[in-house]
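Here is how names work: the chains are called A, B, and so on, in the same order as the sequence lines, proteins then strands, and each is numbered from 1. Only this structure's heavy atoms are used, side chains among them; waters, hydrogens and symmetry mates stay out.
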2 protein chains.
Amino acid sequence: MVRVKATPVPPAVRSVSGQDRVFAALANGTRREVLRLLREDGPQPVQQLAERFTMRRPSLSEHLKVLREAGLVSEERAGRQRIYRLEAAPLGEVQDWLGPYERFWRAKLADLGELLDRIPDEEAQ
Amino acid sequence: MVRVKATPVPPAVRSVSGQDRVFAALANGTRREVLRLLREDGPQPVQQLAERFTMRRPSLSEHLKVLREAGLVSEERAGRQRIYRLEAAPLGEVQDWLGPYERFWRAKLADLGELLDRIPDEEAQ
DNA sequence: TTGACGCGTAGGATATCGCCTACGTATCGT
DNA sequence: ACGATACGTAGGCGATATCCTACGCGTCAA
């Protein structure tokens with residue numbers, strides 16, 4: 001069969017490795033929870049992290065691998081332990097990605113605010 | 001300026017599953033590209049969106065379904081067309097999720113700046 | 001009314017995900 | 001040296017993701 005497209009423009013032109021990995025890593029609740037634990041309780045060995053989940057430790061190790069390859073965590077060896085630490089730089093890139101969308105939800109909130117303003121009470125911003 | 005949200009537009013379930021849906025929807029390059037197109041070129045019918053991708057139209061329809069169920073787009077019927085529009089509110093929640101991490105990458109950037117300041121001859125860009 | 005158009009869904013093929021158990025490697029304590 | 005500990009990897013397995021073709025449904029134009 002013949003497939004001729006005028007302007008294909010594959011969407012994966014931009015670094016598939018970087019942004020895709022980060023978003024894919026964040027698409028899992030367990031991995032987001034790992035990031036939260038590292039943020040709130042600081043760097044920890046795998047064992048300590050694993051206590052917070054019901055899954056087996058090897059499964060958590062796989063999640064840590066995904067986070068590592070996305071640049072979201074780093075590991076430091078300490079004896080037979082491996083201390084994992086939050087690396088938030090890729091999240092900064094996520095925020096940059098969000099930037100161009102910000103005015104859209106701000107507009108929505110403004111609409112809501114306008115509605116509220118019809119009820120005599122508030123100040124605007 | 002914190003306003004209590006009293007049942008906004010989406011009456012959908014806002015629990016953990018909602019957040020999961022949003023992150024999962026963003027984990028695909030095609031879907032992020034759809035959001036960009038809707039942001040830059042405004043609301044469009046499916047056909048017009050499909051011209052920008054190499055995949056078949058039914059596949060794009062499935063991506064639009066994922067975005068719809070994540071609350072990231074809305075559809076409006078116009079004759080035999082369906083006009084899709086960006087709904088950025090869930091992205092606002094993503095930004096809220098990023099909030100607690102912000103100080104981490106800010107700290108990293110500060111360290112980098114300090115490091116660059118110690119090298120007098122180099123220029124950063 | 002009839003056929004073309006715009007779009008979604010059904011169902012299948014393949015790849016990847018997320019979990020498991022079993023096992024290998026390096027380190028620590030005795 | 002020896003066993004216990006901390007961790008990663010290998011490989012299997014069911015579920016899900018992502019693409020496809022075929023097709024059904026509503027709308028428009030002639």
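- Val22(B) and Leu98(B) fall within a single hydrophobic cluster, where Ile, Leu, Val, Met, Phe, Trp and Tyr side chains are chained together by heavy-atom contacts under 4.5 Å.
- The interatomic distance linking Phe23(B) (CZ) with dC17(C) (P) rounds to 18 Å, in whole Å.
- At the heavy-atom level, Arg31(B) lies under 4.0 Å from the strands shown only through sugar-phosphate atoms.
- Under the 4.5 Å side-chain criterion, counting only non-hydrogen atoms from C-beta, Arg32(B) is in contact with Asp20(A).
- Phe53(B) has its CZ atom 14 Å from the C1' atom of dC19(D), to the nearest Å.
- Of the residues near DNA chain D, Leu60(A) and Arg80(A), the one whose nearest nucleotide (by heavy atom distance) lies more toward the 5' end is Arg80(A).
- Taking 4.0 Å as the cut-off between side-chain N and carboxylate O, Arg36(A) and Glu33(A) count as a salt-bridged pair.
- The phosphate of dA6(D) (OP1 or OP2) has a side-chain N or O of Gln47(A) nearer than 4.0 angstrom.
- Atoms CD1 (Ile83(B)) and P (dT27(D)) sit 15 Å apart, rounded to a whole Å.
- Between the side chain of Arg82(A) and the base of dC7(D), no donor-acceptor pair under 3.5 Å is found.
- For Tyr84(B) and dC7(C), the OH to C1' distance is 8 Å, given to the nearest whole Å.
- For His63(A), counting side-chain heavy atoms from C-beta on, the closest listed nucleotide (dA29(D), dG18(C), dC7(D)) is dG18(C).
- What separates CG of Asn28(A) from P of dA17(D) is a distance of 12 Å, to the nearest Å.
- Counting only heavy atoms from C-beta on, Val46(A) has its side chain closest to dC7(D) among dG26(D), dC7(C), dC7(D).
- When the side-chain nitrogen and oxygen atoms of Ser59(B) are compared with OP1 and OP2 of dT18(D), none of them lie within a distance under 4.0 Å.
- Side-chain proximity of Pro58(A) to dC20(C), dG8(C), dT9(D): nearest is dT9(D).
- Considering only side-chain N and O atoms, Ser61(B) lies nowhere under 4.0 angstrom from the phosphate OP1 or OP2 of dC7(C).
- Distance from the side chain of Met55(A) is smallest to dC19(C) among dC7(C), dA6(D), dC19(C).
- The distance from atom CD of Glu51(A) to atom C1' of dC7(D) is 15 Å, rounded to the nearest whole Å.
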Working note: Val34(A) + Leu72(A), criterion side-chain contact (heavy atoms from CB on, under 4.5 Å); need CA distance, chi angles, decisive distance, verdict.
CA-CA 10 Å; Val34(A) 167; Leu72(A) 285 163; over 6 Å; no
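- One can place CD of Glu75(B) at 9 Å from C1' of dG8(C), the figure rounded to the nearest angstrom.
- Residue-level contact check: Gln48(A) touches neither bases nor backbone, having no heavy atom under 4.0 Å from any strand.
- Between dC19(C) and Arg56(A), no contact under 4.0 Å exists linking OP1 or OP2 to a side-chain N or O.
- Within 6.0 Å of CZ in Arg39(B) there are more than 12 heavy atoms belonging to other residues, nucleotides or ligands.
- Judged by distance alone, with hydrogens and angles left aside, Glu62(A) brings a side-chain donor or acceptor within reach of the base of dC20(C), the pair sitting under 3.5 Å.
- You'll find the side chain of Leu91(A) reaches within 4.5 Å of the side chain of Trp97(B), heavy atoms only.
- For the pair Lys65(B) NZ and dA17(D) P, the interatomic distance rounds to 11 Å; values are reported in whole Å.
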